[in-house]
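Because the structure is predicted, anything quoted here is derived from the model rather than measured.
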Protein chains: 2
Amino acid sequence: MPTPARTSLDAIVTAGRAILEAEGLPGLTMHRVADAVGVRPPSLYKRVSNRAALVRLIAEAAFDDLGQALERAATHGEPQADLHAIAVAFRAFARTQPQAYGLLFGPLPDDWRPDPAAYRRSLDVLLRVVGEVATLGRELEAARTVTAWAHGFVSMELAGAFRLGGDVDRAFAFGNERVVAAISERG
Amino acid sequence: MPTPARTSLDAIVTAGRAILEAEGLPGLTMHRVADAVGVRPPSLYKRVSNRAALVRLIAEAAFDDLGQALERAATHGEPQADLHAIAVAFRAFARTQPQAYGLLFGPLPDDWRPDPAAYRRSLDVLLRVVGEVATLGRELEAARTVTAWAHGFVSMELAGAFRLGGDVDRAFAFGNERVVAAISERG
DNA sequence: ACCTGAACACCGTTCAAGT
DNA sequence: ACCTGAACACCGTTCAAGT
């Protein structure tokens, strides 16, 4: 005799994201998630094969959010302006979901890492806009330079690496301007 | 009646670093470290207040290594050449100790983070060399731009974010050249 | 002074048994 | 078909008892 489902994959991932942001990765336990969705820990394994898979699903959901935020930022019609806005949106996203952001490019065991296709999708806008300004044949290198700078800046900021003085907002604006110019054909 | 010390803080940190690189952060357990230094887990707490403190000590030791590697790279006398070499050394370090590198600027709980003074020291060379080429008053912003790019590139590479095609070495060389030029007064 | 065994609270995960 | 309690192996950490 079937028992009615008492939760869903969606509810589990949503609860997991909330717990992750509130308590950090160590706080994201199967017990805690089970509690949040009103079920016993073993029941989670009906929807998710293990904790690594849950973390992966959460990261992939965050990648979707990021991709949408970047898309919304690229609406100026002018590539340089779009690139600046994309970088700003990237940083804003990281500040809204700092813990989830840490899963996107952070140092994780192999089987915790999100599907590569997820970040490819989320960074697609960037590759497209960079393609409009970069030297022919250098589009991929140029996109990787911008992404690396943006991720590096944001992750170091979140890690507290910029707490030794100076105006961090100014440093971001400086880097944004210089890096975008540097990868553009007509610097 | 005193018992002779059977291990030391140094042995613990050294063993911890080896275990970290071999098995990753989840494999760095107090039990595993105790085994490696020939002692029972509770004895570790005589030298180290908890696992977070051990991770911090390991990260700080890695920061020392990094600082030395960067110092050794900056011996050209010509700032632009030094900057390129520093970035190359930075990447080489991350590849030699990928797990420890992940602790330096990675997303960690607050009480796991290395002392800010540690990375300040390790990145001191960079600030000094950047100071020789950057626009007056923009030295800190310029240094943060280079560091952000280098860390971003290296961490994304380690995270497997650059596995979708293209020549990663070429992308690194491209970014290195463009970013160094971008923060220099006379681009 | 340092080391240990025993113990506690807490994990992730499996599985037989329930409905 | 989904849920649960019980169980297992494994953590970090504390502490009284040993030398």
> Taking the side chain of A:A5 as heavy atoms from C-beta outward, which of C:dG5, D:dC2, C:dC2 is closest to it?
Replying inline: D:dC2
> Nearest-Å distance, CD1 (B:I19) to P (D:dC11)?
Replying inline: 11 Å
>> Over all strands shown, is A:T7 touching base, sugar-phosphate only, or nothing at heavy-atom distances under 4.0 angstrom?
In response: sugar-phosphate
> Just how far, in rounded Å, is P of D:dA1 from OH of A:Y45?
Replying inline: 23 Å
> Is there a donor N/O on one and an acceptor N/O on the other, under 3.5 Å, for the side chain of A:T3 and the base of C:dT19?
Replying inline: yes
>> Rounding to an integer number of Å, can you tell me how far A:M30 CE sits from D:dT4 P?
In response: 14 Å
>> A quick test of your reading: do over 12 heavy atoms of other residues, nucleotides or ligands sit less than 6.0 Å from CG of B:D10?
In response: no
> Taking the side chain of A:N50 as heavy atoms from C-beta outward, which of C:dC3, C:dT13, C:dA6 is closest to it?
Replying inline: C:dT13
> To the nearest angstrom, how far is A:R40 atom CZ from C:dA17 atom C1'?
Replying inline: 16 Å
>> More than 12 heavy atoms of other residues, nucleotides or ligands under 6.0 Å from CZ of B:R120: yes or no?
In response: no
> Rounding to a whole Å, what distance do you find between B:K46:NZ and C:dG5:P?
Replying inline: 16 Å
> Taking CZ from A:R47 and P from D:dA1, how many angstroms apart are they, rounded to a whole number?
Replying inline: 13 Å
> In which ranges does DNA chain C form stems of 3 or more consecutive Watson-Crick or G-U pairs, distances under 3.5 Å?
Replying inline: C:4-8 with D:12-16, C:12-16 with D:4-8
>> Is it the case that atom CD in B:E177 sees more than 12 heavy atoms from other parts of the structure closer than 6.0 Å?
In response: no
> Looking at D:dC3, C:dA6, C:dC3, which one has an atom nearest to any side-chain atom of A:S43?
Replying inline: D:dC3
> Got A:P42 and A:M30 here, is their nearest side-chain heavy-atom distance under 4.5 Å?
Replying inline: no
> Nearest-Å distance, CG (B:L25) to P (D:dC11)?
Replying inline: 13 Å
>> So A:R17 and A:Q99, do their side chains get closer than 4.5 Å, heavy atoms only?
In response: no
>> Looking at B:E21, I want to see if its CD is surrounded by more than 12 non-hydrogen atoms of other residues, nucleotides or ligands under 6.0 Å.
In response: yes
> Between D:dA6, D:dC15, D:dG12, which nucleotide gets closest to the side-chain atoms of B:T29?
Replying inline: D:dG12
> Of the nucleotides D:dC3, C:dT14, C:dT4, which one has an atom closest to the side chain of B:V39?
Replying inline: C:dT4
>> Nearest whole Å is fine: how far is D:dC11 P from A:H31 NE2?
In response: 16 Å
> When the ring planes of B:F172 and B:F153 are compared, do they come out parallel, tilted or perpendicular, using 30° and 60° as the limits?
Replying inline: perpendicular
> Looking at C:dC2, D:dG5, D:dT13, which one has an atom nearest to any side-chain atom of B:R51?
Replying inline: D:dT13
